[in-house]
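One structure is given here, and the rest of the page talks about it.
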There are 2 protein chains.
Amino acid sequence: MSNKKTHTILDIAQIAGVTPGTVSRALNDSPLVNERTRERILKIAKDLNYTPNMVARRLSVGKTFAIGVIVPFFTRPSISERLSGVVSILSNSPYDLVIHNIENTKQRTIGFQDMLLKSRIDGALIISMPILDEDIAYLQETNIPIVFIDRKHPGLSDFDSIISDDIAGGYKATKHLLDLGHRKIGFIGDITEIYTKPANGTDKELNPFQFTSSKDRYKGYLKALVEADIPSNPNYFSEDNHGHIEAKSMAIKMLRLSDPPTAIFAASDTQAFGVIQAAREMELNVPADLSIVGFDDVQAAEFMELTTIRQMLYRSGQQGVKKLLERISGSNSRSHQINIPTEIIIRKTTAPPNGQVKIAA
Amino acid sequence: MSNKKTHTILDIAQIAGVTPGTVSRALNDSPLVNERTRERILKIAKDLNYTPNMVARRLSVGKTFAIGVIVPFFTRPSISERLSGVVSILSNSPYDLVIHNIENTKQRTIGFQDMLLKSRIDGALIISMPILDEDIAYLQETNIPIVFIDRKHPGLSDFDSIISDDIAGGYKATKHLLDLGHRKIGFIGDITEIYTKPANGTDKELNPFQFTSSKDRYKGYLKALVEADIPSNPNYFSEDNHGHIEAKSMAIKMLRLSDPPTAIFAASDTQAFGVIQAAREMELNVPADLSIVGFDDVQAAEFMELTTIRQMLYRSGQQGVKKLLERISGSNSRSHQINIPTEIIIRKTTAPPNGQVKIAA
DNA sequence: GCTTGAAATACAAGCGTTTGTATTATAGCA
DNA sequence: TGCTATAATACAAACGCTTGTATTTCAAGC
């Protein structure tokens with residue numbers, strides 16, 4: 001590689017016979033510089049192939065021109081769809097997007113501290129991250145704006161957040177099944193696998209974190225059941241770590257019950273796919289023998305013809321950054337919780353139980 | 001928000017009664033500082049809740065501690081799986097990951113110039129980006145290390161690249177179909193939708209870019225056909241922009257031929273899903289009436305039980321950054337092209353044509 | 001012709017680190 | 001005790017830009 005030294009504002013200044021300050025102003029369209037000099041400077045800059053040093057600029061103006069996105073489990077489709085939304089907005093802004101993935105407790109602490117505290121970003125978007133009580137302190141301490149997507153926590157009321165109405169979504173899913181005539185409806189959900197510090201001697205203990213979206217979707221499920229006067233059956237409830245593999249085994253267990261459910265509502269599409277796999281393995285026809293509804297409406301859901309609850313992942317990402325950008329540019333309005341509505345998308349994995357004829361919608 | 005002013009190295013220095021230089025050295029584990037003073041300084045730093053200003057550090061050191069990833073079409077599952085691999089490596093490095101998405105020509109130029117030239121990153125990973133001849137100049141001009149993933153171009157031999165053997169993959173897919181007994185095999189691929197500047201008066205013209213992976217997969221397809229002595233039928237070839245919708249219509253057109261193919265090889269899983277949708281719409285059974293094989297082995301492929309060519313997307317991302325990190329830390333070895341092997345994953349969308357009995361593998 | 005004010009530019013400090021070099025303190029040794 | 005080598009620290013420049021303030025220039029107004 002050639003050792004081409006990059007030019008600085010000073011080089012330009014010398015050639016143009018002005019001071020660096022003037023060059024800076026010329027480059028930044030300041031009205032304080034004469035139109036002719038500006039042109040001259042611009043020409044020289046072009047000839048020199050000048051490219052501004054962003055780092056210097058950042059130090060000088062005291063902004064990083066970067067926004068950080070903190071996500072767990074980058075691999076999940078719902079996360080990357082949300083991310084797409086974020087990216088779409090940021091492409092047309094002067095802000096860089098820096099990503100931090102967090103998959104375990106250690107990374108978690110580092111992630112929070114590093115990103116939030118080391119003045120590397122002007123604002124943070126925290127997506128689908130379980131928030132522990134002990135985190136709240138960090139978050140409050142930081143002066144940079146933060147907005148949450150898909151996360152509720154009582155301590156978070158100071159912050160902006162974008163959430164889907166999970167309870168309503170869970171309700172809609174279950175109601176749909178109920179309307180179809182199902183009475184035995186299983187629920188398969190996930191728990192967050194973040195561990196808290198050993199509280200009192202125990203090695204490590206699972207954090208009974210109460211505000212995961214899965215839990216809320218379950219609440220909606222329950223609500224629909226009581227409304228229909230159906231007692232909830234503990235055998236029809238199961239949760240484990242997120243993933244289609246886990247969901248598959250939960251489903252198999254549930255379907256092997258002596259009195260198995262005729263329908264299953266899964267807390268995410270990924271899990272619903274696991275349930276579909278279980279049905280295949282057990283040679284159950286979907287939807288004839290088993291109805292399945294998911295949650296998210298991930299891209300693959302369409303291919304799988306999965307009935308699911310759409311929650312506009314892409315849009316939630318967009319809304320989130322927009323809000324964050326607002327905050328960064330100094331909006332001082334009270335923090336706000338934006339609710340993104342859900343919608344049921346009926347495809348081909350749901351039908352009336354067994355022999356029953358499907359009633360036209 | 002409280003107006004807590006963040007502390008600097010100078011504050012610590014004053015309290016500790018030393019100079020900023022010493023504090024800096026203490027913080028960076030320099031052996032030039034006495035153990036006792038270091039401890040004192042560390043303590044003060046902790047009490048003060050000191051957090052280093054990365055931007056200042058970057059300016060001083062002359063590194064950005066960030067690596068840029070330039071991707072087109074963030075939404076494609078194959079891209080985000082590659083990205084996951086990148087993220088997994090970068091999580092354990094001091095480097096930030098900044099993402100630039102490029103979806104059109106304008107963003108493209110800006111993206112290249114901004115990222116590469118404005119000293120915002122120490123190195124770049126360019127994934128699945130069509131490279132135009134005119135780009136090469138920029139790329140060579142930049143002094144920062146670049147590695148390409150999934151992109152070939154004759155002008156790119158100066159750079160490192162990670163590629164899958166698309167030709168071999170296409171060959172494997174087609175051979176599988178051939179072995180099953182198919183003789184009428186369609187190919188559905190994509191073209192890149194990057195437009196070049198109007199060359200001579202024309203409004204804009206599609207760049208006949210020759211090195212997309214789809215093209216190479218087609219080459220492999222062709223190779224298998226000639227080997228089997230089957231003349232290629234132009235009606236069985238179709239390409240359009242990438243996407244399942246486009247693939248679906250191409251497939252429908254192809255399947256409406258008076259003598260339609262009994263199998264279709266799609267250049268990506270997404271496109272294969274489109275073909276599956278077409279089959280559904282035309283009430284064709286897969287694989288009985290139509291065999292389908294995709295390419296990529298995206299996560300959804302498993303759920304869809306799609307026979308496909310696996311190309312280890314995640315791993316390609318990992319390899320890419322690793323190589324880049326090497327370069328950044330100064331490896332001067334000659335540029336290298338790493339080939340990632342492909343592998344056929346036989347699932348349930350392929351079978352012998354029509355009545356024929358499937359031969360056990 | 002002198003004053004006044006606006007316009008354009010120069011000057012210089014500042015952003016928070018790092019790092020090469022100079023300086024001081026300390027211990028070892030003859 | 002004086003000298004030297006070494007360890008520890010101080011000093012100061014540098015990274016490349018921005019921006020508040022001071023200075024100069026020049027034309028308009030009286």
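Order of the sequence lines fixes the chain letters, A, B, ..., with proteins taken first and strands second; residue numbering starts at 1 for each chain.
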Tell me the interatomic distance from [X], atom [atom1], to [N], atom [atom2], rounded to whole angstroms.
X        : N       : atom1 : atom2 : result
Asp29(B) : dT19(C) : CG    : C1'   : 16 Å
Arg36(A) : dT9(C)  : CZ    : P     : 9 Å
Leu48(B) : dG16(C) : CG    : C1'   : 15 Å
Glu39(A) : dA8(C)  : CD    : P     : 13 Å
Leu59(A) : dT19(D) : CG    : P     : 12 Å
Ile9(A)  : dT18(D) : CD1   : P     : 5 Å
Ile41(A) : dC17(D) : CD1   : P     : 13 Å
Lys63(A) : dG16(C) : NZ    : P     : 16 Å

What's Arg58(A) touching, base or sugar-phosphate or nothing? Going by heavy atoms closer than 4.0 Å.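 Arg58(A): no heavy atom of the nucleic acid under 4.0 Å.
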For a quick check of understanding: with a heavy-atom distance under 4.0 Å over all strands, which category does Gly62(B) fall into, base, sugar-phosphate or nothing? nothing
Below the 4.0 Å mark, does [N] have OP1 or OP2 next to a side-chain nitrogen or oxygen of [X]?
X        : N       : answer
Thr22(A) : dT9(C)  : no
Ser24(A) : dT18(D) : yes
Thr8(A)  : dG16(D) : no
Asn28(B) : dT18(C) : yes

Is any side-chain N or O of Arg57(A) under 3.5 Å from a base N or O of dG14(C), one able to act as donor and the other as acceptor? no
Distance-only donor-acceptor test, Arg120(A) side-chain atoms vs dG16(C) base atoms, 3.5 Å: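 No pair found.
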Looking at [options], which one has an atom nearest to any side-chain atom of [X]?
X        : options                   : value
Val33(A) : dT9(C), dA10(C), dT21(C)  : dT9(C)
Leu32(B) : dT9(D), dA10(C), dT18(D)  : dT9(D)
Asn34(A) : dT19(C), dA8(C), dG16(C)  : dA8(C)
Tyr50(A) : dA10(C), dT18(C), dC17(D) : dC17(D)
Ser60(B) : dA14(D), dT9(C), dC17(D)  : dA14(D)

Result for 5'-nearest mapping on DNA chain C, choosing between Thr51(B) and Arg25(B), is Thr51(B)
Just wondering, do Ser91(B) and His100(A) contact through their side chains at under 4.5 Å, heavy atoms? no
Flag the pair Asp150(B) / Ile163(B) as yes when at least one side-chain heavy-atom distance between them is below 4.5 Å, and no otherwise.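 A side-chain contact is absent here, since even the closest heavy-atom pair is not under 4.5 Å.
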Need to verify one output field. Residue with the more 5' nearest nucleotide on DNA chain D, Val61(B) or Thr37(B)?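 So the residue in question is Thr37(B).
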Could you pick out which residue, Pro31(B) or Ala56(B), lies toward the 5' side of DNA chain D when each is mapped onto its nearest nucleotide?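 The 5'-side residue here is Pro31(B).
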Basic-acidic side-chain contact under 4.0 Å: Arg58(B), Asp96(B): yes
Salt bridge Arg38(B)-Glu35(B), side-chain N to carboxylate O under 4.0 Å: yes
Parallel under 30°, tilted from 30 to 60°, perpendicular over 60°: which one fits the rings of Phe159(A) and Phe148(A)?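 The rings of Phe159(A) and Phe148(A) stand perpendicular, inter-plane angle above 60°.
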Return the minimal non-hydrogen interatomic distance between Leu83(B) and Ile127(B), and the atom names on each side.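 What the structure gives for the nearest pair is CD1-CD1, 4.1 Å.
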